[in-house]
Amino acid sequence: MTSQRGESAQPAAGGRKGLDKSHYLYIAVIAAVILGALLGLLFPEVGKSLKPLGDGFIKLIKMMIAPVIFCTIVLGIGSIAKAATVGKVGGLALGYFVAMSTFALGIGLVVGNLIHPGDGLKLAPYDPTKKAATDSTVDFLLGIIPGDIPVLPTLLAAILVGFALQKMGKQGAPVLKAIGHGQALVFRILIMIMWLAPVGAFGAIAAVVGATGAQAILSMFTLMVAFYITCALFIVVILGTLLRVVAGVNIFKLMKYLAREYLLIFSTSSSEAALPRLIAKMEHLGVSKPVVGVAVPTGYSFNLDGTAIYLTMASLFVANAMGTPLDLGAQVSLLVFMIIASKGAAGVTGAGLATLAAGLQAHKPELLGGVGMIVGIDRFMSEARALTNFTGNAVATVLIGTWVKEIDNGQVGRVLSGSEPFDEQTMIAHGAEAVDAEEAADAELREKIPA
């Protein structure tokens, strides 16, 4: 968990430098998508000739699938072991997170089957053995990128290694730490690759629009609108009902209380930037510090409701666009895979895209060609993902605090009514402390793991 959040928590605490870089990438992707769509509409043949740009980017993402899956699953199993050692709160939190993430994945499948995004595009299936009509220079450059490693054997190996290290107890701690460093390296490479996203998006969108015309733009727009509506309904109806029934709290009042965090998330497209503020605000709301200390950090890795909805809807979109819709059995199998693999999609630019590609590769490798379309619109959906993830973790913290009777209901009422406002000045000190807080918690939990 630490390494996943480390990439974004540090810049958030230390200044705006990292946020500005993310902004540049966001703007570049949007510009690339618009230019690629225009080129494909105005000059279809030129657009189709740019397909190798999208293919090259997809190969780079494929190259990172196995390392991302291996590191995150091994460390994820270790995190489950550590969270479980804190007793009732940890066990309850993990149970809720797994149940809600599975429910969110299921909602994505239901909505995807209702709207059938991507129908009618009939894109050519991805065939890594097929030689494209390109010159030798393009073939040479694409050939430099390593081939992919099978996903399902990697997943099985990661699960076995994770449980083996769990059984080793303290003896396995150095290995877990080394894998954590390896994960940081893998994610750093992935972030570097994502800076090529504008180039990949430009080529992929130009090729798709050149081949299918305005229908591709309409299909992508339909997916984005459906995703935003699904996330909004999930927050208001599902999370709002749970919050009202269990804790007696109005979801809109809680969202108003977290308004500044929403603005921060919207500007950065990542819920990670608001992690220190969420910890401080949940404590100020009246949830006890031990509950917040377990629920929020663990939720940031295991309670990714928005990402779960995105993964299943995007998978169905790609399958329909490629003219090979997934049957019910394949969808259930995909859901089970995503329940496990989505735990690696937390807080790192490109990890969600790698997880999506991993699911498609594991079930139907020929669908990978459609990931190029998702590259172009992924950034447009990132805000909804991040806001849904953040809201889900805020609601989970209140619910868990209520279940274990570690919440001051009087304080909750006063805070949400505005009579006891949050002191923004305390965030200066709290933000500096939050960077090291999780490492200290991890060290404490490691001491409790039996040898």
Side-chain angles (χ1 to χ4, degrees), residues 4 26 29 33 61 65 68-69 72 97 100-118 190 194 197 201 219-235 238-239 265-266 268-272 299-321 326 331 334-363 367-368 370-393:
Q4 288 181 9
Y26 192 9
V29 169
V33 169
I61 293 293
I65 289 174
V68 167
I69 292 295
T72 52
F97 294 155
M100 189 55 66
S101 296
T102 304
F103 185 69
L105 285 165
I107 287 178
L109 286 181
V110 170
V111 174
N113 281 290
L114 287 176
I115 65 173
H116 298 289
L190 188 59
M194 288 308 297
S219 294
M220 290 186 288
F221 182 76
T222 300
L223 175 63
M224 289 189 293
V225 171
F227 178 68
Y228 269 83
I229 292 174
T230 303
C231 287
L233 291 176
F234 181 83
I235 291 173
I238 306 301
L239 296 181
I265 292 168
F266 189 81
T268 61
S269 299
S270 172
S271 59
E272 299 291 307
Y300 260 67
S301 284
F302 288 91
N303 190 38
L304 306 172
D305 300 330
T307 302
I309 295 171
Y310 161 81
L311 287 172
T312 46
M313 288 186 68
S315 297
L316 292 182
F317 171 81
V318 170
N320 290 333
L326 300 173
Q331 290 184 27
L334 180 68
L335 185 145
V336 173
F337 177 89
M338 291 298 187
I339 289 172
I340 302 172
S342 63
K343 308 314 174 193
V348 178
T349 301
L353 200 62
T355 304
L356 172 63
L360 294 175
Q361 184 184 1
H363 290 77
L367 296 180
L368 280 173
V371 175
M373 292 183 69
I374 299 297
V375 172
I377 60 176
D378 177 78
R379 294 293 295 182
F380 291 99
M381 297 190 286
S382 60
E383 287 87 357
R385 282 202 309 267
L387 291 172
T388 306
N389 290 343
F390 180 81
T391 305
N393 284 317

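Of the inter-residue distances, the one linking L326 atom CG with N113 atom CG reads 9.0 Å to the nearest 0.5 angstrom. Within the model, atoms CD1 of I115 and OG1 of T230 stand 6.5 Å from one another, a figure rounded to the nearest 0.5 Å. In this structure, SG on C231 lies 11.5 Å from CD on E383, to the nearest 0.5 angstrom. Taking CG of L356 as the reference point, atom CG of L311 lies at 6.0 Å (rounded to 0.5 Å). Separating the CD1 atom in I265 from the OG atom in S382 is a distance of 11.5 Å, to the nearest 0.5 Å. Atom CG of N393 sits about 11.0 Å away from atom CE of M100, to the nearest 0.5 Å.
Of all heavy-atom pairs between V29 and A197, the closest is CG2-CB, 4.2 Å. Here the closest non-hydrogen pair linking S315 and L334 is CB-CD2, 3.5 Å. Of all non-hydrogen atoms in L109 and T312, the two that sit nearest each other are N-OG1, 3.6 Å. Closest non-hydrogen pair, M194 versus I61, comes out as SD-CD1, 4.1 Å. When every heavy atom of V33 is checked against every heavy atom of A201, the shortest pair comes out as CG2-CB, 4.3 Å. Nearest heavy atom pair, residue F317 against residue S219, reads CE1-O, 3.7 Å.
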Under 3.5 Å donor-acceptor pairs involving side-chain atoms of residues 220-227, not counting sequence neighbours:
| residue | atom | partner | partner atom | Å |
| --- | --- | --- | --- | --- |
| T222 | OG1 | L218 | O | 2.8 |

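The closest donor-acceptor contact from the side chain of D305 to the backbone of T388 lies at 3.5 Å or more, if one exists at all.
Under a cut-off of 6.0 angstrom, the local environment of CZ in F103 is sparse, with at most 12 non-hydrogen atoms contributed by other residues, nucleotides or ligands.
Annotation: side chain to side chain donor-acceptor pair (under 3.5 Å) contacts of T391 (sequence neighbours excluded): Y262.
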